[in-house]
Enquirer: 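Mind having a look at this structure? Questions to follow.
Order of the sequence lines fixes the chain letters, A, B, ..., with proteins taken first and strands second; residue numbering starts at 1 for each chain. Being a predicted model, the structure only gives us computed values, none of them experimental.
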There are 2 protein chains.
Amino acid sequence: MSKSRTPSIKMVADRAGVSVATVSNVLNGKPTVSPDFARRVNDAVRELGYVVDLGASRLRSRKTQLVGVVVPDLTNPMFASFVSTLEHLARLDDYDLVVVSARNDTEEEADRLRKIRAWRPAGLIVIPCDGAFAERLPTGFFAPVVLADRIPDAAGFDLIAVDNGPAAGAIAAHLDGRGYRDCLIVGSSLSISNVRERWEGVQAAARRMHVEMLEIGIDDANGAQRLEERLRCRPLPGALFSLDHGTTLLTYRAMAEIGLSVPGDLAFASFDDMEWMQLVAPGITAVRQPIEEMAEQAWALLLRRMTGSAGKPVTRRLRCAIEIRGSTLRSPLEEAGNTKLGGEKWKLQDEPYSPE
Amino acid sequence: MSKSRTPSIKMVADRAGVSVATVSNVLNGKPTVSPDFARRVNDAVRELGYVVDLGASRLRSRKTQLVGVVVPDLTNPMFASFVSTLEHLARLDDYDLVVVSARNDTEEEADRLRKIRAWRPAGLIVIPCDGAFAERLPTGFFAPVVLADRIPDAAGFDLIAVDNGPAAGAIAAHLDGRGYRDCLIVGSSLSISNVRERWEGVQAAARRMHVEMLEIGIDDANGAQRLEERLRCRPLPGALFSLDHGTTLLTYRAMAEIGLSVPGDLAFASFDDMEWMQLVAPGITAVRQPIEEMAEQAWALLLRRMTGSAGKPVTRRLRCAIEIRGSTLRSPLEEAGNTKLGGEKWKLQDEPYSPE
DNA sequence: AGCTTACAATAAAACGTTTCACCAGAATTT
DNA sequence: AAATTCTGGTGAAACGTTTTATTGTAAGCT
């Protein structure tokens, strides 16, 4: 007799011998309900294994605890960690997340945004593929949007990012101070704002050191080719600074393949600190981004908007930390003091990035 | 005058001068609609930027293109990659994913499952925290469920996993064949099925080699402590084989901290091949799991069930590949042939895991 | 011309909720 | 005791869709 279907509020009401309105009141903690009725309802809920239908609930109440998250690539550990933190925070505030990856493709990003809109989320957190994000946001989207990590061309969004320029500048200053005279800067694409900011930071900070930029694209075999050619070409630059995660992986592998030793043949530093960078010998000097903090701030920002706070869009920049390791310490003498894992650590505070 | 709200199908109907039913018919590609009306509707849709409300749509049509995905930890690159692949495949079939991470906590997993149920998904793909998953599945959940990677205690689920035992056995056989006589096996917890299977595989394959198991838990400082103590204790085992990703990271770091050299002081191998394992020198011998293929199979399995195929639950095992690298090649002579990245590679086919 | 068939479009019901207006009875005030 | 205010509960409308049944009209048959 029991219809084998997921139980509805009506079935709960029937079983408890009350009206559906009462069930709804109990479930939503409305105060005007007697303890006796509440118990009967709760019993029925438990016996039936009833769980509210959020779709129907949202439809009627016009309020939803759902936020969309769009990242360029979920397999990038930075973004994965960002999403994971976000998800935890959302849960604490009783929100759900629908997460999508744009796979580094602006078309796909636009498509995903449209799709996410169909769920009528209460808000959106996006790490955009590129600066032209605003054009891809569907027209007539009224929920608040917080952007993270990358800066859009158009203003008007809440924004949370790191201080790419100064942090990259600190690495440049470090290399400069070590006496390196030529530095090859490698990055995926200057069309990505943080790569661009890092490159500008390097240029601003390099004093006696000559710097030169090489763009190798995202997943671009051609770019990888060009990088290899450059690395086989003499004279080598004294140092190499890679501006993003994908590029670092590619560059480091290429160097090993060619047989270049770090820092013997050239020094090496990376923007983005990955776990393996302190496992290789020598460890790799890197900029560590406060990715969890970025997620926290993004969530805080969005939550504020979702709960109705108006006001001008805000922009926040977070401080990065610099991890100096063996890969940029040329002489054996210098290196000796830094064989321990972790290496020297600069936590940049009030007087950041001052050359040593 | 225009109500600044997200447009509904009614507004589209009004603007196009037709009924809402007609709009719905056009949008869902029903054949019985004249080209003229279709054009008018499409125009109105475009002008208003209308996007269907999936919640309302599902509510009425009782069919949803939503599937839930639950993984133990999104920051684990294996799982991140699993999710990313899944998301891509789902998109191709026009499904949406709601992804949640259980953060290695069975309580949280149960909670997330209940929450996901409130969205009325058409199906579920789960990498369970532990074997007792079935108990945490909400009662009265009728959508098909596919489990991946880890084996539940209770039967009755479609299941896709890798051949943990034979693959781990292959590593053990390799070490045995190299002449190592003592091997310390380190893993997070035998309560996780694949760790258990790997340990059993090692025991079955070790012939002359003596093996010993050490469980260090998940995020357990105490376990890490015990591991360190063992590594400071003489005599060292000839080899160390770490059975999962987290443990490998912890172990490798501990060895470096203590100052043990690989493979000089002891050989080292890992279950789970991470990108950095071919970047360190020497490279680390590892079992590589076909994680994308696992996602593909999981999706195929679920899709079959969602489109109505009945029948007994199926279990599928995928083959792992073994990457032999410098970390298990003791003599300099042997090592010489393997300094290149990538090392020796066993793609295990018909005659898998036979000791060399 | 009359009668059926086919077609295109619509009105209205339904999906599972929440909310609003309302109601009966009890408790309080006058 | 009558009038008022609470109190705890309910019926019914509404949310934005899809679907079913129905209508009106045009076309095809004798």
Enquirer: With a 4.0 Å cut-off, would you call B/K115 and B/D111 a salt bridge?
Expert: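 Salt bridge absent between B/K115 and B/D111.
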
Enquirer: When the nearest nucleotide of DNA chain D is assigned to A/A21 and to A/P31 on a heavy-atom basis, which residue is associated with the more 5' position?
Expert: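 By nearest-heavy-atom nucleotide position, the 5'-most residue is A/P31.
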
Enquirer: Let me know the distance between NZ of B/K63 and C1' of C/dA14, rounded to the nearest Å.
Expert: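 Atom-to-atom, B/K63 to C/dA14, this comes out as 15 Å.
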
Enquirer: Is A/S24 near enough to C/dT17 that one of its side-chain N or O atoms lies under 4.0 angstrom from OP1 or OP2?
Expert: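 Checking C/dT17 against A/S24, no side-chain N or O comes under 4.0 Å of OP1 or OP2.
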
Enquirer: Quick one: is D/dT19 close enough that its OP1 or OP2 comes under 4.0 Å of any side-chain N or O from B/S61?
Expert: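 Answer is no, no contact under 4.0 Å.
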
Enquirer: In whole angstroms, how far is the P atom of D/dT17 from the CD atom of B/Q65?
Expert: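 For the pair B/Q65 CD and D/dT17 P, the rounded distance is 17 Å.
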
Enquirer: Between A/L59 (CG) and C/dA14 (P), how many Å, whole number?
Expert: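 It works out to 17 Å between those atoms.
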
Enquirer: Would you tell me if any nitrogen or oxygen in the side chain of B/R120 comes within less than 4.0 Å of OP1 or OP2 on C/dT17?
Expert: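 For C/dT17, OP1 or OP2 has a side-chain N or O of B/R120 closer than 4.0 Å.
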
Enquirer: Select from A/L27 and B/G17 the residue whose nearest nucleotide in DNA chain C is closer to the 5' end of that strand.
Expert: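 Of the two residues, B/G17 wins.
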
Enquirer: In whole angstroms, how far is the C1' atom of D/dA12 from the CZ atom of A/R60?
Expert: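 That distance rounds to 11 Å.
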
Enquirer: Under a 4.0 Å threshold between the charged nitrogen and the carboxylate oxygen, would A/R136 count as salt-bridged to A/D130?
Expert: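 Salt bridge between A/D130 and A/R136, a charged N being under 4.0 Å from a carboxylate O: yes.
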
Enquirer: Under a 4.0 Å threshold between the charged nitrogen and the carboxylate oxygen, would B/D105 count as salt-bridged to B/R112?
Expert: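 Result for this pair is no, no salt bridge flagged.
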
Enquirer: Salt-bridged, B/D43 to B/R39, with N to O below 4.0 Å?
Expert: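 A salt bridge links B/D43 with B/R39.
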
Enquirer: Tell me: CG of B/L54 to C1' of D/dG16, nearest whole Å?
Expert: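 So the two atoms are 11 Å apart, to the nearest Å.
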
Enquirer: Which nucleotide wins on minimum distance to the side chain of A/Y50, given the candidates D/dT10, D/dT17, C/dT17?
Expert: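 Given the options D/dT10, D/dT17, C/dT17, the side chain of A/Y50 is closest to C/dT17.
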
Enquirer: Reckon A/S19 has a side-chain N or O less than 4.0 Å from the OP1 or OP2 of D/dT10?
Expert: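 Indeed, a polar side-chain atom of A/S19 lies that close.
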
Enquirer: Would you mind reading off the distance between B/N28 atom CG and D/dT20 atom C1', rounded to a whole angstrom?
Expert: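 Rounded to the whole Å, the gap is 15 Å.
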
Enquirer: Would you kindly give the NZ-to-P distance between A/K30 and C/dA21, to the nearest whole Å?
Expert: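 After rounding, the gap between these two atoms is 15 Å.
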
Enquirer: Picking from D/dG9, D/dT10, C/dA9, which would you name as closest to the side chain of A/V18?
Expert: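 Out of D/dG9, D/dT10, C/dA9, the nucleotide with an atom closest to A/V18's side chain is D/dT10.
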
Enquirer: Using side-chain heavy atoms (C-beta onward) and a distance below 4.5 Å, is B/D149 in contact with B/F79?
Expert: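 Contact flag for B/D149/B/F79 side chains = yes.
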
Enquirer: Taking OP1 and OP2 of D/dG16, is either one under 4.0 Å from a side-chain nitrogen or oxygen of B/R5?
Expert: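 Indeed, a polar side-chain atom of B/R5 lies that close.
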
Enquirer: Are OP1 or OP2 of D/dT17 and a side-chain N or O of B/S57 less than 4.0 angstrom apart?
Expert: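 Answer no for this pair, as no side-chain N or O of B/S57 is under 4.0 Å from OP1 or OP2.
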
Enquirer: For A/T22, report the nucleic acid contact type (base, sugar-phosphate, nothing); a contact means any heavy atom under 4.0 Å.
Expert: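 The residue A/T22 makes base contact.
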
Enquirer: Any idea which of C/dT10, D/dT18, C/dT17 is nearest the B/N25 side chain?
Expert: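 When the side chain of B/N25 is considered, C/dT10 is the closest of C/dT10, D/dT18, C/dT17.
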
Enquirer: When you get a sec, tell me which of C/dG16, D/dG8, D/dT18 is the closest nucleotide to the side chain of B/I9?
Expert: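 Ranking C/dG16, D/dG8, D/dT18 by closest atom to the B/I9 side chain puts D/dT18 first.
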
Enquirer: Less than 4.0 angstrom from a charged side-chain N to a carboxylate O is my criterion; do A/R103 and A/D219 meet it?
Expert: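 No, no charged N to carboxylate O under 4.0 Å.
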
Enquirer: D/dT17 P sits how many Å from A/R62 CZ, rounded?
Expert: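 From A/R62 CZ to D/dT17 P: 10 Å.
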
